[in-house]
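Start at 1 with the first residue, then count along the sequence.
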Amino acid sequence: MGESLLTNLPGTRDLLPEEVARWQLVEEKARGIFARYGFREIRTPILEATELFARSIGSDTDIVGKEMYTFPDQSGKSITLRPEATASVVRAYLQHTMYRGTGLAKLYYIGPMFRHEKKQKGRWRQFYQIGAEVLGSDHPAIEAEVVEMVLSLLSSLGVGSRLLINSVGCPDCRPKYVELLQGELRRHASELCEDCRRRTETNSLRVLDCKVESCQPIINGLPMMIDHLCETCRRHFDRFRDFLDRSGIAYELVPRLVRGLDYYVRTAFEIVSGELGAQNALVGGGRYDGLAEVLGGPPAQGFGFALGLDRLVMLLPEDVRGQAVNRPDLFLAYMGDAAFDKAWVIAQALRARGLNCYVDFSAGSLKSQLRLANKLEASHVLVIGDNELAEDRYPLRRMADSHQWNISLSELGTYLESQRARRTE
Ligand code: HAM
């Protein structure tokens with residue numbers, strides 16, 4: 001016997017309806033806020049040529065080296081389930097010559113990404129990102145604007161966070177710094193962990209990200225990129241910080257902040273939340289001006305971020321979670337066949353007016369129907385029985401305060417509509 005067919009794969013999960021309601025709440029908030037900043041949605045394929053990610057993210061990164069779901073398709077071509085979407089968005093931008101249009105391309109996406117990571121709290125192999133990319137500008141103000149946009153999404157959801165920033169230099173200043181860094185690392189090679197010794201030669205900036213205790217004293221004494229920026233990078237970073245200050249956005253400068261993807265130049269940032277534990281990064285992003293050329297296109301500047309949706313949903317405070325239920329405006333409870341027929345007709349009429357109505361089909365007792373109404377968090381329950389049918393007035397119960405009164409069908413729709421309008425105000 002192989003693995004059970006009744007279990008999903010490790011690192012993936014089913015999102016059940018209660019959970020999905022919270023995801024939709026976040027997604028709707030994001031769509032609304034991003035629209036205010038002029039972003040429009042793009043949907044790119046989940047499958048791409050393997051080479052797209054290998055070239056853009058970098059072959060010495062953990063993502064490309066260890067974590068990609070890569071396989072040959074039926075024609076033998078190597079394809080990969082996207083581990084992130086920046087590469088795909090830049091590909092689409094170039095493929096559809098969006099740079100020919102006027103202004104910037106401001107694009108956002110929401111969807112699943114795939115990385116075969118070690119199991120840990122806050123890490124999934126299929127996880128979801130909300131991301132945004134601006135193509136066509138190297139203005140530091142656009143960076144501050146994008147950071148402001150994602151921070152306002154988080155605060156609208158009541159999620160507290162800290163913004164960490166750094167500059168990782170450019171192809172002018174970084175190679176000189178990397179040489180300096182490698183020299184230092186080689187001098188201390190015997191004191192470093194095995195990963196750091198390997199990274200010294202393959203991807204030395206990533207050493208700064210090492211969490212091994214015994215490496216910390218050495219890393220703390222290493223030269224930092226921020227002290228070796230060229231004049232252009234220094235000025236760019238100062239202006240970015242100035243725009244953050246002017247927008248009243250607090251940040252921490254973290255010289256050890258390097259990102260796990262190779263395409264970054266100049267500004268890099270992360271937004272973290274103390275409540276997430278070891279996997280505390282909620283948002284990661286930065287500038288990637290060289291990426292379009294790496295993919296074989298004309299030069300195009302880019303800046304963006306991706307937010308871990310799985311992690312964000314974990315952080316939603318209780319009151320925001322409470323808003324995320326698709327509750328029925330009306331639950332129609334009935335006793336007897338004639339009442340059922342009436343409930344069915346009323347539900348149809350109210351749904352046509354845009355109201356959420358629920359009729360139970362399991363023909364249970366009134367008590368079990370009311371139990372279900374409670375479970376579904378229905379705002380109101382209408383009880384239909386023989387007497388009510390004869391008089392054409394029905395007891396309506398408002399569940400929030402258990403207030404109950406009789407109402408005629410002609411008043412019912414208007415009343416429920418007014419209640420709904422009040423709830424969504
Ligand atoms: P990233 O830092 O690899 O950046 O991922 C961004 C966010 O995705 C992380 O901060 C985290 O919240 C979430 N995330 C990553 N891996 C996992 C996982 N295994 N399980 C759950 N959540 C995860 C990027 O992907 C870049 N494309 C961001 C970017 C856009 N840079 C410029 N534009």
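Side-chain contact between Glu143 and Arg266 is absent, with no heavy-atom pair separated by less than 4.5 Å. A 4.5 Å side-chain heavy-atom check between Ile33 and Ser156 finds at least one atom pair inside the cut-off. Looking only at side-chain heavy atoms (C-beta outward), Val359 and Ile346 stay at 4.5 Å or farther from each other. Proximity of Phe303 to Glu145: side-chain heavy atoms (C-beta onward) are nowhere separated by under 4.5 Å. A heavy-atom distance below 4.5 Å is not found between the side chains of Leu316 and Trp23.
Taken to the nearest 0.5 Å, the CE atom of Met399 stands 7.0 Å off from the OG atom of Ser402. Atom CG of residue Asp310 and atom CD of residue Gln129 lie 9.5 Å apart, to the nearest 0.5 angstrom. The distance from the NZ atom of Lys375 to the OG atom of Ser368 is 12.0 Å, given to the nearest 0.5 Å. Atoms OH and CG, from Tyr288 and Leu261 in turn, are 11.5 Å apart once rounded to the nearest 0.5 Å. Rounding to the nearest 0.5 angstrom, the gap separating the NZ atom in Lys118 from the CD atom in Gln120 is 8.5 Å. Taken to the nearest 0.5 Å, the CD atom of Glu148 stands 11.0 Å off from the CD1 atom of Ile142.
A donor-acceptor contact shorter than 3.5 Å is absent between the side chain of Asn356 and the backbone of Asp329. Here the side chain of Asn203 pairs no donor or acceptor atom with the backbone of Arg199 at under 3.5 angstrom. Judged by distance alone, with hydrogens and angles left aside, the side-chain atoms of Arg351 form a donor-acceptor pair with the main-chain N or O of Cys357 at under 3.5 Å. The main-chain N or O of Glu377 is found under 3.5 Å from a side-chain atom of Arg327 such that the two form a donor-acceptor pair. Proximity of a side-chain donor or acceptor of Glu252 to a complementary backbone N or O of Val254 within less than 3.5 Å is not detected. Formation of a donor-acceptor pair under 3.5 Å by the His380 side chain with backbone atoms of Leu330 is not found in this model. Judged purely by atom type and a 3.5 angstrom limit, Arg197 has no side-chain atom pairing as donor or acceptor with the backbone of Glu191. Proximity of a side-chain donor or acceptor of Glu84 to a complementary backbone N or O of Met113 within less than 3.5 Å is not detected. The main-chain N or O of Val381 is never found under 3.5 Å from a side-chain atom of Arg397 such that the two would form a donor-acceptor pair. A donor-acceptor pair under 3.5 Å links the side-chain atoms of Ser152 to the main chain of Met149, judged by distance alone.
Here the shortest heavy-atom pairing between Thr12 and Gln126 reads CG2-CB, 4.2 Å. Of all heavy-atom pairs spanning Gly302 and Leu135, the tightest one is CA-CD2, 4.2 Å. Nearest approach of Ser137 to Leu104, heavy atoms of both residues: CB-CD2, 3.4 Å.
In the displayed structure, Arg13 atom CZ is contacted under 6.0 Å by more than 12 heavy atoms of other residues, nucleotides or ligands. Atom CD of Glu293 is surrounded by more than 12 heavy atoms from other residues, nucleotides or ligands within 6.0 Å.
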ask   = Step by step, would you call Tyr37 with Val150 a side chain to side chain contact (heavy atoms under 4.5 Å, CB included)?
value = CA-CA 11 Å; Tyr37 287 79; Val150 65; over 6 Å; no
ask   = Are Lys211 and Asp209 close enough, and set up right, to give a salt bridge (Lys or Arg N to Asp or Glu O under 4.0 Å), and what steps lead you there?
value = CA-CA 6 Å; Lys211 303 281 184 305; Asp209 208 24; 3.5 Å; yes
task = Give the C-alpha distance, both sets of side-chain angles, the deciding distance and a yes or no for side chain to side chain contact (heavy atoms under 4.5 Å, CB included) between Glu201 and Arg186.
result = CA-CA 9 Å; Glu201 305 307 325; Arg186 286 185 192 127; 3.0 Å; yes
request  = Apply salt bridge (Lys or Arg N to Asp or Glu O under 4.0 Å) to Asp62 and Lys66, showing your working.
outcome  = CA-CA 5 Å; Asp62 282 352; Lys66 305 189 218 163; 3.6 Å; yes
message = Could you walk me through whether Phe34 and Tyr108 satisfy the ring pair (Phe, Tyr, Trp, His ring centres under 6.0 Å) test, starting with their C-alpha distance in whole Å, then the side-chain angles of each, then the deciding distance to 0.1 Å, before giving a yes or no?
response = CA-CA 8 Å; Phe34 292 3; Tyr108 79 87; 5.3 Å; yes
query = Which is it for Arg241 and Asp245 under the salt bridge (Lys or Arg N to Asp or Glu O under 4.0 Å) test, yes or no, and what are the steps along the way?
reply = CA-CA 6 Å; Arg241 292 170 65 173; Asp245 290 338; over 6 Å; no
task = Begin from the C-alpha positions of Asp242 and Arg246 and carry the test side chain to side chain contact (heavy atoms under 4.5 Å, CB included) through to its verdict.
result = CA-CA 6 Å; Asp242 185 42; Arg246 282 202 250 163; 3.3 Å; yes
ask   = Between Leu15 and Val20, does a side chain to side chain contact (heavy atoms under 4.5 Å, CB included) hold up when you go through it step by step?
value = CA-CA 6 Å; Leu15 298 169; Val20 171; 3.8 Å; yes
key: Stepwise salt bridge (Lys or Arg N to Asp or Glu O under 4.0 Å) check, Asp195 with Arg198   = CA-CA 5 Å; Asp195 269 351; Arg198 186 175 43 79; 3.0 Å; yes
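A salt bridge links Arg22 with Glu19: the closest approach of a Lys/Arg side-chain nitrogen to an acidic carboxylate oxygen falls below 4.0 angstrom. By the 4.0 Å N-to-carboxylate-O rule, Glu28 lies too far from Arg31 to be salt-bridged with it.
Between Trp405 and His403, the ring planes are parallel. Angles under 30° get that label, and only those over 60° would be called perpendicular.
Between the side chains of Arg259 and Asn166, no donor N or O sits under 3.5 Å from an acceptor N or O. Inspection of the Ser161 and Ser273 side chains reveals no N or O donor paired with an N or O acceptor under 3.5 Å. Side-chain polar atoms of Tyr69 and Glu67 form no donor-acceptor pair below 3.5 angstrom. Looking only at atom types and distance, the side chain of Tyr334 has no donor-acceptor partner in the side chain of Gln369 under 3.5 Å away.
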